[in-house]
J.: 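Dropping a structure here in structure tokens format, bear with me for questions.
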Amino acid sequence: MMLRAALAFFTRLPVGALPPGTGLYGIMTWLPTVGMIIGLLAACALWAAMQLLPPVLCGLIGCLVWVGITGGLHLDGVADCGDGLLVEAPPARRLEIMKDSRLGTFGALALFFVLGGKAAALGVMADTAEAGFWTLAGMCCMAAATARSLVFVALLLPCARPGGLGSAMNDGVTARSRLAALLLTLFFCLCTGWRGLAALLTALAVTALLLSAILRRLGGMTGDVFGCLIELTESCMLVVFCLPQGEV
């Protein structure tokens, strides 16, 4: 089952190991659905923490669970993009820096602000979750699912490393899977009202800025870029959800 394979690859949920010899073909189709499941589980953990703890600790726990479910898979992309994009160097040198497993100053700063923003936003959401669990779940699901749906936009751009992970992610992605991702995003946008629309527009703007910088500085996409795109848009959307209803 492709959904189980996608959960095995993109999360640390106990669904069993990825079957031997299984490639990425078709797995990407299920990425937005995986995001929806991640958002729902993170919302459950956040809601449970809200019954016992102050909001600031709820946000920290929610972020910790979010990272734990994914195993920090995409955070490596945040760190590598921070190190590679923020230095002054030719594209080839940037790609070399991003392949280096060592963490640099810019990468550490990128991780700090992305994770700090997510934890702080979840804390504010816990403090102002006046509409109850399902509204909270809808916002978390939308952030996680939309962030992964936007990867399909990035897949339309050329790869900086042909034959690498970023190139392999395109296998099996069809117009139907892109349409399904769009419909899932619009569904959650409708469920979350004006804040959902504001979050979606913010995510699109952040995606456009990031991909524009990637094309200028790297010349194409890599697997790290996809991870960075997911984490960055997730955090930005959660921040928008913190805005009072009357201000969006």
Side-chain angles (χ1 to χ4, degrees), residues 10 24-25 27-29 31-32 35 70 72-115 117-118 143-175 177-182 184-185 198-240:
F10 291 112
L24 291 179
Y25 188 88
I27 288 181
M28 285 295 295
T29 300
L31 186 56
T70 63
L73 176 66
H74 308 304
L75 292 175
D76 183 63
V78 175
D80 288 340
C81 285
D83 284 332
L85 295 178
L86 298 179
V87 298
E88 293 302 326
R93 176 56 183 154
R94 293 181 194 274
L95 290 171
E96 289 179 9
I97 292 172
M98 291 171 66
K99 287 186 67 175
D100 195 328
S101 60
R102 292 172 294 181
L103 178 64
T105 302
F106 290 132
L109 287 172
L111 282 173
F112 173 81
F113 283 109
V114 167
L115 286 175
K118 182 176 288 186
T146 300
R148 286 158 179 81
S149 296
L150 289 170
V151 171
F152 291 143
V153 177
L155 285 171
L156 297 173
L157 302 178
C159 291
R161 297 192 189 101
L165 180 61
S167 178
M169 285 184 174
N170 238 324
D171 294 341
V173 175
T174 64
S177 59
R178 290 190 172 93
L179 177 60
L182 174 62
L184 186 63
T185 296
L200 177 58
L201 293 176
T202 299
L204 292 173
V206 169
T207 299
L209 290 173
L210 177 62
L211 296 185
S212 176
I214 291 296
L215 287 176
R216 290 197 313 271
R217 292 173 176 262
L218 298 181
M221 302 297 107
T222 69
D224 286 328
V225 172
F226 298 135
C228 182
L229 176 64
I230 288 172
E231 291 289 344
L232 185 59
T233 50
E234 270 184 351
S235 294
C236 289
M237 291 179 74
L238 291 174
V239 169
V240 173

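One-based numbering along the sequence shown.
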J.: Between Val240 and Ala199, what is the shortest heavy-atom contact and its length?
T.: CG1-N, 3.6 Å
J.: Decide yes or no for Val114 and Leu232: does some side-chain heavy atom of the first lie under 4.5 Å from some side-chain heavy atom of the second?
T.: yes
J.: For a quick test of reading the model, state the closest non-hydrogen atom pair linking Phe106 to Leu86 and the distance between them.
T.: CE1-O, 3.6 Å
J.: Taking atom CD1 of Ile214 and atom SG of Cys81, what is their separation to the nearest 0.5 Å?
T.: 5.0 Å
J.: How far apart are the closest heavy atoms of His74 and Phe10, and which atoms are they?
T.: CE1-CD2, 4.4 Å
J.: If the condition is side chain to side chain donor-acceptor pair (under 3.5 Å), which residues does Glu231 pass it with, not counting sequence neighbours?
T.: Lys118
J.: Answer yes or no: is there a donor N or O on one side and an acceptor on the other, between the side chain of Thr233 and the main chain of Ile230, under 3.5 Å?
T.: yes
J.: Can we say Arg93 and Glu96 salt-bridge, meaning some charged N sits less than 4.0 Å from an Asp/Glu carboxylate O?
T.: yes
J.: Tell me every residue that passes side chain to side chain donor-acceptor pair (under 3.5 Å) with Ser212, counting only those two or more places apart in sequence or in another chain.
T.: Arg216
J.: Let me confirm one number: the CG-OG1 distance from Leu184 to Thr146, rounded to the nearest 0.5 Å.
T.: 7.5 Å
J.: Hey, mind stepping through Thr174 and Thr29 against side chain to side chain contact (heavy atoms under 4.5 Å, CB included) and telling me if it holds?
T.: CA-CA 8 Å; Thr174 64; Thr29 300; 5.6 Å; no
J.: Could you check whether any side-chain heavy atom of Ser235 comes within less than 4.5 Å of a side-chain heavy atom of Phe113, counting everything from C-beta outward?
T.: no
J.: Who pairs with Thr185 by side chain to side chain donor-acceptor pair (under 3.5 Å), at least two apart in sequence or on another chain?
T.: Ser149
J.: Going from CG on Leu75 to CG on Asp224, what distance comes out if it is rounded to the nearest 0.5 angstrom?
T.: 11.5 Å
J.: Identify the two heavy atoms, one from Phe226 and one from Ala154, that lie closest to each other, and give their separation to 0.1 Å.
T.: CE2-CB, 3.4 Å
J.: Which heavy atom in Arg217 sits nearest to a heavy atom in Leu85, and how many Å separate them?
T.: NH1-O, 2.8 Å
J.: Can you name the closest pair of heavy atoms from Arg148 and Thr70 and give their distance?
T.: NH2-CG2, 3.9 Å
J.: Which value, rounded to the nearest 0.5 Å, describes the distance between Asp80 atom CG and Arg94 atom CZ?
T.: 14.0 Å
J.: To the nearest 0.5 Å, what is the distance between CG (Leu238) and OG1 (Thr202)?
T.: 11.5 Å
J.: Nearest 0.5 Å please: distance from the CG atom of Asp83 over to the CG atom of Asp100.
T.: 8.0 Å
